[in-house]
Number of protein chains: 2
Amino acid sequence: MTTDSNDTTPQDFRPEARSPRGFADKRARDLRAERAILEAVSAVYERYGFEALDTGAFEYADALGKFLPDSDRPNEGVFALQDDDDQWMALRYDLTAPLARFAAQNWETLPKPFRRYAFGPVWRNEKPGPGRFRQFIQCDADTVGSARPEADAEIIAMAVEGLEAAGLPRGAAVLKINNRKLLNGLLTAAGADSAGQKLAVLRAVDKLDRLGVDGVRLLLGEGRLDESGDFTKGAGLKGQAVDQVLDFVQAGSSGGRAATLDNIARVVAGSAEGDEGLLELSRIDAALTSLGIADDQAFIDPSIVRGLEYYTGAVFEAELLLSTTDEKGNKVTFGSIGGGGRYDDLVARFTGQVTPATGFSFGVSRLAAALRAAGREPGGVARGPVVVIAFDQAHMPEYFSVVGRLRAAGIPAEVYLGTSGMKPQMKYADRRNAPAVVMLGGDEIAAGTVTIKDLDAGRQAAEGLTDNAAWKAERPGQQTIPRDQLVAAVRKIIGG
Amino acid sequence: MTTDSNDTTPQDFRPEARSPRGFADKRARDLRAERAILEAVSAVYERYGFEALDTGAFEYADALGKFLPDSDRPNEGVFALQDDDDQWMALRYDLTAPLARFAAQNWETLPKPFRRYAFGPVWRNEKPGPGRFRQFIQCDADTVGSARPEADAEIIAMAVEGLEAAGLPRGAAVLKINNRKLLNGLLTAAGADSAGQKLAVLRAVDKLDRLGVDGVRLLLGEGRLDESGDFTKGAGLKGQAVDQVLDFVQAGSSGGRAATLDNIARVVAGSAEGDEGLLELSRIDAALTSLGIADDQAFIDPSIVRGLEYYTGAVFEAELLLSTTDEKGNKVTFGSIGGGGRYDDLVARFTGQVTPATGFSFGVSRLAAALRAAGREPGGVARGPVVVIAFDQAHMPEYFSVVGRLRAAGIPAEVYLGTSGMKPQMKYADRRNAPAVVMLGGDEIAAGTVTIKDLDAGRQAAEGLTDNAAWKAERPGQQTIPRDQLVAAVRKIIGG
């Protein structure tokens, strides 16, 4: 058999080993974090009575809602290809469009309201960049078939509990709530009722964080000239309407949801749609209170926009409140780590029936990064396996017997199965982040003992010893013990 | 706000709500099974020191190894599309090709041997059919960079433990082991050493189950005429070689791995490659014994072929031993539920360096089906949430308070959030597979009590009552209790 890797095989074509642009290989630490988050959040969502659903990676392109069925190659923004029967399919770009398709397809037999959560990869055919991938994991929860504001409240409460269960300490994040109908109603009452003008207002409001009140004021009116000399045309609102919008977006109160609702009531009073939005928010507030969600966990913020145009009522945004520093010591503001809202039109695309729906979605990698920024490694810090050094083929049965004992005790362990000597084996153990190595030489085997070396203690001790000879004499962290004490000794090392 | 779903929206084009051919929507029961299997198997693999890895859905088509880089549309068997930079990408069709690419790409910095496990969807662009999907979940474990037979033995031991951890009772499945070098050596010694002839022999041997010894004898020689009159050309072996091959494939002994090794030694003696294969198998046997894997869990079966041409040494197949009956009472033989082996050439495609590798792979849905056939629902039988009936908007705070208590106790629960009356709410609870419904009418709220109805007990009792009036009088499974006894009462219902 082959025991080294220096042979070469004849071959005409050697492809370069590289992953496609924008697709990342994920190693153990990131996968551990992802799984810990998804497990914690799933448990919360199931306690709320949401059932798991997973749809396939592909949807027919027409079902995704971005395409005309007759366009030549409809791959703008998504990964699309033509099936054998010439139908265009595309990889899902979110989990909401497949839910809308599933709900429409199975509406008659589903329990209604239909409450499901889902997680899995989604794909965006966009230009990749640093930290910007073309595949990432989303986790969504949605209620389809309930127009009750209490359904929105449950989604918000679940998002709050989910983020906390995933490890974000209370106070590290907040759910911000708004309702599209408030601003819509206000604008309609002010005579600014074209869809284009409303969208321009939303875009202006969305820049409040970045441009401040004065910048947004310009964008709500005639327009704004930025530092580089570029002019952005404004929404064209007149003086009083501009003031009303600015009053509205600043109506958030540190006095809690009830105080903010009072502020909003004063600004949107007199608009039917605004009143409807206000009533919905009041009922969301009441349900959140019943569900034990306090003002510091979820508050009403009229400046929240959410980018997607399909929201029709309540909108939610989960924001990380911590500001952290990156590896270079620069301050990093995380901002949004998830969002959602009410979208009553998606299922109607298929059925023609307005079907009220509401949901919340977050990106799992982004939450993992947020948790790390908050000083919490999701799933805890993982250790590698205990590595049993392989000195001699003849002693393999002894090595396997030892790893068997460790594994039976639930401790990850392995025999080194390469063909290198002692030093590379120690390096291997180090690369695997092994807590300890176990050595069984002829002496140990004859005596029924094992020598165990605590790699962390060894590293720490080595730092304190300047002299190689001293290190060799002391052998820090190393001990020889009876074989039946091995599990206890390893437990002590891992536990400490 | 909209409270019913009878409005229609104007829209020109309504796509049909359907999932693409060969892609399944998975509901809670199947997902629960999948997750339970993957969690149990992952825990075993991690105890063996294997680290998790996940690669992206796409690989460059040349890296998948099926294509010429200049072919026009290389989508035979896979889902392929051209990236913006004109490179062809394809969705992975297994987890081995991406591992080979990853290992080649990162070889310098990886701990070696590199031991990883992975699970996730793979895609095959094949004709879908009943139970035949174009996307399914695989779970793989591989060791790259060790030629030691002990590495094969660990993979086999992990497969055995993994299947048992997933819920297959000992004795329900077995790992069958063979080594390609045995038959290869035998054929070379017999003068049948062209690659084409060897492949024809493998194909013939692979039909042993279906055609029996006499059928295979014909296929090893001149050929075989089947019942329909079709003639299959044989491998063209001569008399003695045919006998040797048949002796070899029948060398498996009920006396265990050691007895089979003795039988094989007699048949393949005198061939260098055969001796090498025999030595490898002996070391696999010894390591399995050290690892505590008994003869009934893993045995040597020289008739095992495994379809893929890339195996170069040991091959493994996990076979379900139970024969079960389907819904129509027909006997179903499950057969193979996973397999693997040693493939030393895959990484060399990229690097030119022979890199020994070995692994095992199984399909998660197939294992779930096998577990169900063995009478074990993976993950256990799931119940739906406790449903709190919504009688009156004014009492929502009371309903939410009650579900809050249940959730805090870890019991899935929800308030019904549709707008229908009592009867549809009971039907909803039934569809959700709810263990119980909770009712809070005005009387209960005034008295601080709840009425709880055990749906299972109710169903059972209803079957025994022929008279609707009697049912109404008895209200089987229904009780009114103080609110603070609710959690205990629900626990009793779920536990029973």
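Sequence lines set the chain letters: A, B, ... in the order given, protein chains first and strands last, and positions in each chain run from 1.
- Using a cut-off of 4.0 Å between Lys/Arg side-chain N and Asp/Glu carboxylate O, D62(B) and R18(A) are scored as salt-bridged.
- Chain B forms more heavy-atom pairs under 4.5 Å with one residue of E150(A), Q135(A), M89(A) than with any other, namely E150(A).
- With a threshold of 4.5 angstrom between heavy atoms, A286(A) does not approach chain B through any atom at all.
- By number of non-hydrogen pairs under 4.5 angstrom with chain B, the leading residue of P412(A), P385(A), A17(A) is A17(A).
- At a 4.5 Å heavy-atom cutoff, the contact between F400(B) and chain A is made by backbone and side-chain atoms alike.
- Side-chain atoms of K26(A) do not come within 3.5 Å of backbone N or O of A24(A) as any donor-acceptor pair.
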**Message:** Set out, in order, the CA-CA distance, both residues' side-chain angles and the distance that settles side-chain hydrogen bond (donor to acceptor under 3.5 Å, both in side chains) for T358(A) and D152(A), then state yes or no.
**Reply:** CA-CA 6 Å; T358(A) 182; D152(A) 300 298; 2.6 Å; yes

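- Looking only at heavy-atom pairs under 4.5 Å with chain A, the residue among G418(B), A153(B), A104(B), G404(B) that has the most is G418(B).
- Most heavy-atom pairs under 4.5 Å with chain B: of the set Q87(A), E46(A), R432(A), this distinction falls to R432(A).
- Of the possible donor and acceptor atoms, none in the side chain of R349(A) sits under 3.5 Å from a partner among the backbone N and O of R14(B).
- With hydrogens and angles disregarded, no donor-acceptor distance shorter than 3.5 Å links the side chain of E59(B) to the backbone of L91(B).
- Checking side-chain atoms of R431(A) against main-chain N and O of T109(B) turns up a donor-acceptor pair under 3.5 Å.
- Proximity to chain B (any heavy atom under 4.5 Å) is shown, for S420(A), by neither the backbone nor the side chain.
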